[in-house]
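Worksheet for the structure shown next.
Below, chain A is the first sequence line, B the second, and so on; all start at residue 1. Quantities reported herein were computed from a predicted structural model and do not represent experimental measurements.
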Amino acid sequence: MEEAIITLRRQMSEIISELWHGKEVTEQLIRKYDHQHLNQSYSSLHESETHQFLASKILSSFEKTLSMLSSSGFMVCYPIHPTTTSLPDQDCTEQCSKKRKISSLRWNEQVRVCPGRVERPPVAVDGHSWRKYGQKQILGGNFPRGYYRCAHRDSQGCLATKQLQQSDHDPTIFPVNHRGTHTCSHLEPIMISVEELRDLKSDHRHHHQQQQEMERARVF
DNA sequence: ATGATTTGACCCGC
DNA sequence: GCGGGTCAAATCAT
Ligand SMILES: [Zn+2]
C-alpha cells in the first residue's frame, strides 16, 4: 500500500514533467507563430491566425491539465531545466534577529527565466498556486511589484504570501520576497481525490446506464 | 456562472 | 504627506 503510493508519486512526477515539457514547447511554437505573423511571411493571414488559435488551444489544454493535477493536491513543480533556475538567496539568514516573529518567516530568492519568457513573471514555478491581489509601482523601479497570496487562504487559512518584481538591470531575473510559509495541506486533497475518484466511477456508471437507456429508448 | 486579475481606493507607519 | 501593502469593485477569462 505504502509502496504503491511511492510508485504513484514517481509516475506522477514523470507525467507532470512531460506536461511541463509539452507546455514549454507549445509556448515556443506560439512565439514562433507570433514572429511569423509580424513578418507576414504567411500568404494567408487567416491561416496564420488559425495556427495561432490552435496552438493557444494546445497550450491551454496543457495548462488546464496541470492545474487540475495541482488542485487535486499534486505538487506541480516546474522541473529543473538548464534555461530556468531558481537560486536561493544568501540574505535569508539573520536580518530577522530582532523581536519580530513574522520576519522569521521572510526570505528572498532570485528566479531566473529564459529570455523568451521575460514577459510574464514566473509565479507558479514553486509548485504552489497563487492568486494575485495587488500591483504597485515602487520608487526607483521601472517594473511594477506584484503581490500574490496562496490560493488556499480562504479554504485552508494558509497565509503564505510573496512579492515579485522584475529586476531593472537584468529583466531575466525576478527577485522574489516570500512572507510566511505554507500551512496548506497537499495530502488532504489527495485523499479527497481518491474519494472523488470513487464517486466519479459511480457517476460514470450511472451516466452510462442513463445513456444506454436513452439509446434504447431512441431505438424503440 | 464561476473564478481570477486588474486597478484605483484605502489604510497604516513613519 | 509619502511610500508600501491590501482591499474590493469592475473587468476579464473560461
Ligand atoms: Zn499555501
Side-chain angles (χ1 to χ4, degrees), chain A residues 19-20 22-24 26-27 29-31 33-34 49-78 89 91-92 95-111 113 117-169 171 173-186 188-189 192-193 196 199-200 203 207:
Chain A
L19 287 170
W20 274 104
K23 175 176 185 288
E24 198 171 58
T26 307
E27 285 170 343
L29 185 63
I30 287 174
R31 263 179 264 127
Y33 281 161
D34 284 344
E49 279 167 2
T50 301
H51 290 177
Q52 285 179 317
F53 175 76
L54 292 176
S56 75
K57 283 299 188 185
I58 295 169
L59 179 61
S60 69
S61 183
F62 278 119
E63 286 172 340
K64 185 179 177 186
T65 308
L66 248 6
S67 94
M68 288 167 81
L69 287 169
S70 175
S71 65
S72 295
F74 291 100
M75 278 297 275
V76 184
C77 294
Y78 193 86
D89 209 26
D91 69 34
C92 59
Q95 82 184 43
C96 37
S97 53
K98 293 287 180 178
K99 290 182 179 180
R100 286 290 177 132
K101 291 180 183 178
I102 26 181
S103 61
S104 64
L105 306 170
R106 289 187 182 189
W107 72 96
N108 294 315
E109 68 173 336
Q110 313 246 112
V111 176
V113 302
R117 211 47 282 190
V118 162
E119 298 305 321
R120 310 244 169 239
V123 177
V125 299
D126 55 15
H128 287 99
S129 57
W130 301 92
R131 295 291 171 264
K132 189 173 187 176
Y133 68 93
Q135 171 167 312
K136 198 115 188 149
Q137 285 297 138
I138 301 302
L139 57 6
N142 300 25
F143 294 109
R145 175 177 300 172
Y147 299 85
Y148 302 83
R149 64 164 58 105
C150 177
H152 306 112
R153 189 180 79 141
D154 296 331
S155 59
Q156 299 183 37
C158 179
L159 299 178
T161 269
K162 70 174 178 179
Q163 305 177 2
L164 266 102
Q165 185 174 3
Q166 192 169 8
S167 163
D168 283 326
H169 189 64
I173 297 279
F174 285 78
V176 186
N177 181 230
H178 294 262
R179 299 183 174 193
T181 56
H182 287 273
T183 59
C184 56
S185 164
H186 286 272
E188 183 186 348
I192 288 173
S193 81
E196 283 174 350
D199 292 343
L200 283 177
D203 279 354
H207 189 248

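- Atom NZ in A/K57 sits about 8 Å away from atom P in C/dT14, given to the nearest Å.
- For the pair A/T183/A/H152, no side-chain contact is recorded, criterion being any heavy-atom separation below 4.5 Å from C-beta on.
- We find that CD of A/Q165 is positioned 15 Å from P of C/dG3, with the value rounded to whole Å.
- Here the C1' atom of nucleotide C/dG5 and the OH atom of A/Y148 are 15 Å apart, to the nearest Å.
- Within the structure, every side-chain polar atom (N or O) of A/K64 is placed at least 4.0 Å from both OP1 and OP2 of C/dT14.
- C/dA8 atom C1' lies 12 Å from atom CZ of A/R153, rounded to whole Å.
- Between A/H178 and the options A/R106, A/E109, A/Q163, a side-chain contact (heavy atoms from CB on, under 4.5 Å) holds for only A/E109.
- Set against B/dT5, C/dG4, C/dT6, the side chain of A/R145 has C/dG4 as its closest nucleotide.
- Atoms CG (A/L164) and C1' (B/dT5) sit 15 Å apart, rounded to a whole Å.
- Between A/H182 and A/C150, some side-chain heavy-atom pair lies under the 4.5 Å cut-off.
- A straight line from NZ of A/K132 to C1' of B/dG8 spans 14 Å, rounded to a whole angstrom.
- At whole-Å resolution of the value, CH2 in A/W130 and P in B/dT5 are 13 Å apart.
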I'd like a table of atom pairs between the protein and nucleotides 9-11 of chain B - only N or O on both sides, under 3.5 Å - with the distance next to each one.
none

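- In this model, the phosphate group of C/dT6 is approached by a side-chain N or O of A/Y133 to a distance below 4.0 Å at OP1 or OP2.
- For A/V111 against A/P122, the heavy-atom pair with the smallest separation is CG1-CG, 3.6 Å.
- The residue among A/R149 and A/I138 whose nearest nucleotide of DNA chain C is located toward the 5' end is A/I138.
- Minimum atom distance to the side chain of A/L139 is reached by C/dG3, of the listed C/dG3, C/dC7, B/dT6.
- Using a 4.5 Å heavy-atom threshold, the side chains of A/P121 and A/V113 count as separate.
- Residues A/Q166 and A/P171 share a closest heavy-atom pair of NE2-O, 2.8 Å.
- Within the structure, side chain to side chain donor-acceptor pair (under 3.5 Å) pairs that include any residue of residues 134-151 of chain A comprise A/K132-A/Q135, A/R145-A/Q165 (at least two apart or interchain).
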